[in-house]
Number of protein chains: 2
Amino acid sequence: MSTLDEIAKLSGFSKATVSRVLNQSPHVSKETRAKILAIMKETDYVPNRNAISLSKGQTQQIGMITMDLNELILSFMNSFVEISGRYGYQTIIYTTGGDKQKELQAFEDLKMKRVDALLILTSVNAQNVISSYCKYGPIVSWQRMDHPEIPSVAMNQYDGYALALEHLIERGYKRIANAFGRPSSINTHSRRLAYEQIMTKYNLPVMEKWYYSTIYGIRDGEQLVQTLMGQPDQPDAILCANDLVAVGVLSEARRQQLNVPGDLAIVGFDNSELSQTLGITTVRNPIAGQAENAFLLLAPALLGRDMELQPLSFQLIQRETTSLPNH
Amino acid sequence: MSTLDEIAKLSGFSKATVSRVLNQSPHVSKETRAKILAIMKETDYVPNRNAISLSKGQTQQIGMITMDLNELILSFMNSFVEISGRYGYQTIIYTTGGDKQKELQAFEDLKMKRVDALLILTSVNAQNVISSYCKYGPIVSWQRMDHPEIPSVAMNQYDGYALALEHLIERGYKRIANAFGRPSSINTHSRRLAYEQIMTKYNLPVMEKWYYSTIYGIRDGEQLVQTLMGQPDQPDAILCANDLVAVGVLSEARRQQLNVPGDLAIVGFDNSELSQTLGITTVRNPIAGQAENAFLLLAPALLGRDMELQPLSFQLIQRETTSLPNH
DNA sequence: TTGAAAGCGTTACCAA
DNA sequence: TTGGTAACGCTTTCAA
């Protein structure tokens, strides 16, 4: 394991010059550079990252915090990793499993300078706890945060939900049920608002009895259909919190001999791979764009230059679980 | 940002003593320790990881290398992260997307001492390239490697496949088709061997025409059923490369009005969540155990002490896609 | 139990 | 264009 010091001695130049070669400084003569580079090759020299990090005061690492890893989070991460890499940053994942203490570890790592910045995908600690770490480095969030120092790249779910509703209404569905996720979340609130406003706009009844919440996965979707079947009055469309729920709704609807999309239309959310495989109409959530924006928000603090965020929007992906217009 | 040096000055003790407090050395008097600890609290002191890493020559970070992230890999990683954490190691993921150069970055990071050890989940570089990095730190692999210096925690697929075959045969299925994955892989080879030996053992015909390979996902599974339906002679069971394939086979079989498990039995592999949801008989692959063993193999080099590996075995999970004995 | 001082391997400032 | 040298913040002998 050769060090910079050894290279300096072997080449006859100073450590400073060797360092310049390493950092592609223009103030090194061609011959000197060539000579030093040659010796580096020979001795199989590689700079020690820890020394660099200590000296520079930064590690070129960004931490990503999440409770768990699912398809959605993964695609966000993948995009984020990609763009970070382009700017010389590595990423490290903190999976917290929803444990506050474990999550705090990530923030402590920011303080300890193990990472230069933090990306919050999902977090469980109180906002004021988290924001007390802002002084140690830039933090950006996917999940919406109510703190001015922590910008969020979350999209307003209102728009996506409205898109889905208009799609259904246009196709003649009037009795639309909602499968919401976390009842207290801002997303659910936005979606609910969209439902109420859009339905009103088209003079359709706002059916509060068809607000279901805490519907998260396949099982919940299946159960929802069973619940609905047991009732006298039935919806002709179900708008789901995510694609997984839609998968559950679809499979249970088929089991119950319902004709999809004739008797029942189903719309998912996120445009996951599964929705594509099973032909479920869904709303495309521009995850990759949000991930890129997340990095761009970090850029001023990390790279010292502002970068313009790209505008993003939802998009409706029509598949087989909703009919043609005016069915 | 206070430093160890400042704590030393404020407390009136030397840096060495402060360092001892940090590292819970027994050679510090109670009062001294208390005094120093108090000052650390006051000044909101946190040690700088880079300085520690540089000084100690190790980072307490382990890199995990993979081409992509799927459910199986994730559960392996989750377990690995968990056990590593217990011993004070953090993990960092290198997603290579199958790019050799990107993968090499991870190995370079071992050389640069950004990580203390490496876990290979899947890799694309040549074995001799990889093994040239062994001298820079311990490397362990999930994927089977043909290099003595890189131990692998992969299990012999022969045993799992044999388990599935005996299960089918015991239930009266005799015409068993195989949906293999990568034709050249060691796993496929082991599975094929199991098929030939077990079938022979029970005096059943080894049907080479029912060897299908490059069957990886849902789509492939669906297509396989279509292919089989178009042929005069049909199997009464399909043993799948993984659960995803089994999902495809199951859904297409239903679409074709086949009675599962009456007309056709289906067995998956890995015991993924989806197989549970859809009630597919499968072989449980002890992923968590393999992940733990992976860390335990690293332990001698990292912790300086040998740890005993735990013995692992496959297990058959009977669900609704195979019938009761002697159907 | 404590301290002094020499590392660890770079970077970066100031001179030359 | 180059060199000398003080950081960077901690650990680890060796003495006391």
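Chain identifiers are assigned alphabetically (A, B, ...) following the order of the sequence lines, protein sequences preceding nucleic acid strands; residue numbering begins at 1 within each chain. Just so you know, these numbers come straight off a predicted model, no measurement behind them.
Within the 4.0 Å cut-off from OP1 or OP2 of C:dG3, at least one side-chain nitrogen or oxygen of B:Ser14 is found. For the OP1/OP2 pair of D:dT11 and a distance below 4.0 Å, the side-chain nitrogens and oxygens of B:Asn23 include at least one atom meeting the criterion. OP1 or OP2 of D:dT2 sits under 4.0 Å from a side-chain N or O of A:Thr32. Note on A:Ser19: a side-chain N or O is less than 4.0 Å away from OP1 or OP2 of C:dT11. Remark: A:Thr17 is not in phosphate contact with D:dT1, judged by side-chain N or O atoms under 4.0 Å from OP1 or OP2. OP1 and OP2 of C:dT10 both lie 4.0 Å or more from every side-chain N or O belonging to A:Ser53.
Nucleotide D:dT12 holds its C1' atom 13 Å from the CG atom of B:Leu4, rounded to whole Å. To the nearest angstrom, C1' of D:dT11 lies 15 Å from CG of A:Asn48. Distance NZ (B:Lys9) to P (D:dG9): 12 Å, rounded to an integer number of Å. In this structure, the NE2 atom of B:His27 is 15 Å from the P atom of C:dG3, given to the nearest Å. In this entry the distance linking CD1 of B:Ile7 with C1' of C:dT2 reads 18 Å, nearest Å. Protein atom NZ of A:Lys30 is 19 Å distant from nucleotide atom C1' of D:dT2, rounded to whole Å. If you take CZ of A:Arg114 and P of D:dC10, they are 14 Å apart, rounded to a whole angstrom.
Side-chain to base pairing of B:Ser55 with C:dG7: one donor and one acceptor N or O lie within less than 3.5 Å of each other. Side-chain N/O atoms of B:Arg49 and base N/O atoms of D:dG9 include no donor-acceptor pair closer than 3.5 Å. The base of D:dT5 is not paired with the side chain of A:Lys15 by any donor and acceptor separated by under 3.5 Å.
Contact annotation for A:Ile52: backbone-only contact, meaning every heavy-atom pair under 4.0 Å involves sugar-phosphate atoms and none involves a base. Nucleic acid contact class of A:Val46 (heavy atoms, under 4.0 Å, all strands): sugar-phosphate only. Using a 4.0 Å heavy-atom criterion, one finds that B:Thr3 contacts the sugar-phosphate atoms exclusively. No engagement by A:Asn50 is indicated, since no non-hydrogen atom pair under 4.0 Å with the nucleic acid exists.
Remark on DNA chain C: of its neighbouring residues B:Gly12 and B:Leu54, the 5'-side contact belongs to B:Gly12, judged by nearest-heavy-atom nucleotide.
Between A:Tyr87 and A:Met307, the closest side-chain pair of non-hydrogen atoms falls below 4.5 Å.
Comparing C:dT11, C:dC14, C:dT10 by their nearest atom to the side chain of A:Lys56 picks out C:dT11. Taking every side-chain heavy atom of B:Arg20 into account, C:dG3 is the closest of C:dT10, D:dC10, C:dG3. For A:Tyr45, counting side-chain heavy atoms from C-beta on, the closest listed nucleotide (C:dT10, C:dT2, C:dA4) is C:dT10.
Ring geometry for B:Tyr133 against B:Tyr136 counts as tilted: the plane angle lies between 30° and 60°, on a 0 to 90° scale.
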Show the numbers, then the answer: is there a side-chain contact (heavy atoms from CB on, under 4.5 Å) between B:Asn78 and A:Asp68? CA-CA 9 Å; B:Asn78 276 330; A:Asp68 56 352; over 6 Å; no
Run the salt bridge (charged side-chain N to carboxylate O under 4.0 Å, His left out) test on B:Arg284 and B:Asp270 for me, step by step, so that the C-alpha distance in whole Å, both residues' side-chain angles and the decisive distance to 0.1 Å come before the verdict. CA-CA 5 Å; B:Arg284 179 174 173 278; B:Asp270 293 336; over 6 Å; no
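Remark: the backbone N or O of A:Lys102 is not paired with any side-chain donor or acceptor of A:Thr96 at under 3.5 angstrom.
A salt bridge links A:Glu82 with A:Arg86: at least one charged nitrogen is closer than 4.0 Å to a carboxylate oxygen.
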